[in-house]
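Below: one structure, written as C-alpha cells.
Each ligand, and each atom within it, is numbered from 1 in the order the structure gives.
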Amino acid sequence: MMPLVDLRSDTITHPTEAMREAMRAAPVGDDVYGEDPTVNRLEEMAAARLGKEAALFVPSGTMANLASALANSRQVPGLLCLENTHNLAGGTVTTPQQTTEVCAVAHGRGMRVHLDGARIFNAAVALGVDVQALGRDADSVMFCVSKGLSAPVGSLLCGGAEFIARARRTRKYLGGGMRQAGVIAAAGIVALETMVDRLAEDHHHARLLAQRLAEIPGLRVDLATVQTNIVMVEVADAPTIARRLADRGVRVFLLSPTRMRMVTHRHIGMPEVERAAEAFHQVLRVAAGKS
Ligand SMILES: *Cc1c(COP(=O)(O)O)cnc(C)c1O
C-alpha cells in the first residue's frame with residue numbers, strides 16, 4: 001500500500017516528538033479549579049501573543065466561537081464575527097488595515113467584534129505581520145493549535161479579563177471543563193513556540209500545487225485566492241474525481257458537486273505535491289476519455 005497523500009485538512013497533522021515529550025512531562029492539576037499550571041501557562045502565552053489581557057483553553061474552535069457568542073450575548077446590541085484566514089474563500093487573508101476599518105464601523109454602532117482566527121497564524125505569516133496587528137481591534141480572538149500548528153487538540157479564546165472570566169463560566173456549562181488538561185495544553189505550548197514560522201512552507205507547497213493543477217485541462221483554480229495553505233478547485237463531477245484520486249492514494253475534501261478543497265500541512269512535502277499533481281493528471285485524462 002502506497003503512503004497516502006492526505007490533503008483533506010491540516011487538522012490531520014500528528015503531534016511532533018517534542019509535543020509528545022512535553023505531554024509526558026507536563027505538570028498538571030484540575031483546570032476547572034484553575035489549578036493546572038500547564039494550562040495556565042498556555043493561556044498566559046496565548047494572551048501575550050495576541051496582546052489581550054487573558055485567554056481560555058477550550059477543546060475546539062467551535063466551542064471557542066460559541067463561548068464567545070454566549071459570553072457576549074445580553075452584553076451588547078450585536079456581535080460581528082470576522083474570519084481570518086477565510087476558509088471557504090480559499091484561505092484568503094484580511095490585512096490589519098481592513099480589519100481596523102471593519103472593526104471601527106462595528107464599534108461605531110455599539111457592536112463588539114469576534115475574530116474567528118482558527119488559522120490566524122497562517123494569515124500573519126502570509127502577510128509578514130505580527131499576529132497582534134490582526135487581532136488588535138477585535139474584542140476577542142479565537143485561534144486553533146490543532147490545525148497547521150500540529151497540536152492534537154485545542155483552541156484558545158483571547159480577550160479582556162472580564163470577558164474571559166465570563167467565557168470560563170460558559171465553557172463549564174458547555175461541558176468544556178477538562179480537568180488535567182495540561183497533558184494536551186503542553187502540546188499547544190510547543191505549537192506556539194516552534195510551529196508558527198514553518199507555516200510558510202505549507203503556503204509555498206499550496207502555491208506550487210495550485211500552479212500545477214491550474215495547468216490541467218478541466219480544472220479551474222483561481223491562483224489569486226491561493227494566499228495561504230488552501231487550494232480550491234472547480235471541476236465537473238467532483239465526487240467521481242475525488243473517488244478516483246482516492247484510488248490513487250490522494251485524498252481531497254469535497255465541498256460541493258463541483259468544488260473540492262485541498263489543504264497543505266506538515267506532512268505534505270514536494271514529493272506529495274508531485275504525487276497529487278500526477279494523480280490529477282491521470283484522473284482528468286481518464287475523465288476526458290484520453291486514457
Ligand atoms: C476549524 C475551524 C473552526 C472550528 O474549529 P474546530 O476545532 O474544528 O471546532 C472554526 N472556524 C474556522 C474558520 C475553522 O477553520
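For Arg220, the CZ atom sits in a loose shell: 12 or fewer heavy atoms of surrounding residues, nucleotides or ligands are nearer than 6.0 Å. Within 6.0 Å of the CZ atom in Arg20, the count of heavy atoms belonging to other residues, nucleotides or ligands does not exceed 12.
Residue-level proximity to ligand 1 for Ala118 is carried by the side chain, the only part with a heavy atom below 4.0 angstrom. Residue Met63 does not touch ligand 1, judged by heavy-atom distances below 4.0 Å.
Remark: ligand 1 atoms within the under-4.0 Å shell around heavy atoms of Thr62 are 4 (C), 5 (O), 6 (P), 9 (O). With ligand atoms numbered from 1 in the order given, ligand 1 contributes 15 (O) to contacts under 4.0 Å with heavy atoms of Asn87. Per-residue contacts place Asp116 under 4.0 angstrom from the following atoms of ligand 1 (heavy atoms of the residue considered): 10 (C), 11 (N), 12 (C), 13 (C).
Using a 4.0 Å cutoff on heavy atoms, His86 does not count as a contact of ligand 1.
Not a single N or O atom of Ser146, backbone or side chain, sits closer than 3.5 Å to an N or O atom of ligand 1. Ligand 1 has no nitrogen or oxygen under 3.5 angstrom from a nitrogen or oxygen of Glu83. Ligand 1 has no nitrogen or oxygen under 3.5 angstrom from a nitrogen or oxygen of Ser155. Residue-to-ligand polar distances place Gly61 within reach of ligand 1: an N/O pair is separated by less than 3.5 Å.
Of the candidates Arg119, Lys147, Met142, the one placing a heavy atom closest to atom 14 (C) of ligand 1 is Lys147.
With a 4.5 Å cut-off on side-chain heavy atoms, His114 and Leu82 do not count as touching.
Exactly one of Val226, Thr92, Leu255, Asp222 qualifies for a side-chain contact (heavy atoms from CB on, under 4.5 Å) with Met232. That residue is Leu255. Among the candidates Leu157, Asp31, Ile184, the single residue satisfying the side-chain contact (heavy atoms from CB on, under 4.5 Å) test with Phe57 is Ile184.
A search for salt bridge (Lys or Arg N to Asp or Glu O under 4.0 Å) contacts involving Glu21 returns Arg24, not counting sequence neighbours.
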Anything under 3.5 Å between a donor and an acceptor, one on a side chain of residues 103-112, the other on a protein residue two or more places apart or in another chain? List them.
from, atom 1, to, atom 2, distance (Å)
His107, ND1, Cys103, O, 3.3
His107, NE2, Asp139, OD2, 2.8
Arg112, NH1, Asn72, OD1, 2.7

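The hydrophobic cluster containing Val5 also contains Leu209, counting ILVMFWY residues as joined when their side-chain heavy atoms lie under 4.5 angstrom apart, directly or transitively.
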